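Written below as structure tokens is the structure these notes are about.
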Amino acid sequence: MKLLAHCCLGIACVASFASGFSAPGAASVQALLSTNQEKIASLKTIAQSISSDAAVAPTNDVFYLRYALETSYENDDERTEALKSNIQWRLTDGKDIVATAHQAVQAAS
């Protein structure tokens, strides 16, 4: 359960968690990262322009992959707004949560 909670925060554990459970024919995380690298780079630039704190604007590409893959956004503007909203939450109300999670991952690495 703790692993899932950290994954919901976009922590790097998503990649190791996801790589252990792949359905037959499912795309690997690495393949998804490669296919979506331009979107991920763009989203990462946006997030890091809001905050240079790695706990708030993660450096791990997997964090941004979920925005790249989400199909409910009607266009890239909605995708960007969703990311900005998340980063703003991480910068304010969620700061203690993401900072503590970030420190725990760093200590475990």
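These numbers were taken from a predicted model, which means no experiment stands behind them.
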Could you measure the distance from the [atom1] atom of [X] to the [atom2] atom of [Y]? Nearest 0.5 Å is fine.
X: Gln88; Y: Glu81; atom1: CD; atom2: CD; value: 11.5 Å
X: Thr45; Y: Ile50; atom1: OG1; atom2: CD1; value: 11.5 Å
X: Lys39; Y: Thr80; atom1: NZ; atom2: OG1; value: 10.0 Å
X: Leu32; Y: Gln37; atom1: CG; atom2: CD; value: 12.5 Å
X: Lys84; Y: Arg79; atom1: NZ; atom2: CZ; value: 14.0 Å
X: Arg66; Y: Leu83; atom1: CZ; atom2: CG; value: 8.5 Å

#### Entry: Pair Ser28-Gln30, side-chain donor/acceptor within less than 3.5 Å
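No, Gln30 and Ser28 have no side-chain donor paired with an acceptor closer than 3.5 Å.
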### Task
May I ask you to check whether Tyr64 and Asn36 show a side-chain donor-acceptor distance below 3.5 Å?
no
### Message
Under a 3.5 Å distance rule, please check whether Ser49 uses its side chain to pair with a backbone N or O of Ile46 as donor and acceptor.
### Response
yes
Which atom names give the shortest non-hydrogen contact between [X] and [Y], and what distance separates them?
X: Ala57; Y: Ala47; answer: CB-O, 3.6 Å
X: Ala55; Y: Ala99; answer: CB-CA, 4.0 Å
X: Ala82; Y: Tyr67; answer: C-CE2, 3.9 Å
X: Ala68; Y: Leu43; answer: N-CD1, 4.1 Å

#### Entry: Side chain proximity check, His102 to Val56, heavy atoms < 4.5 angstrom
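The answer is no; the side chains never approach within 4.5 Å.
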### Query
Between Arg90 and Asp53, is there a salt bridge with N-O shorter than 4.0 Å?
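The answer is no: the pair does not qualify as a salt bridge.
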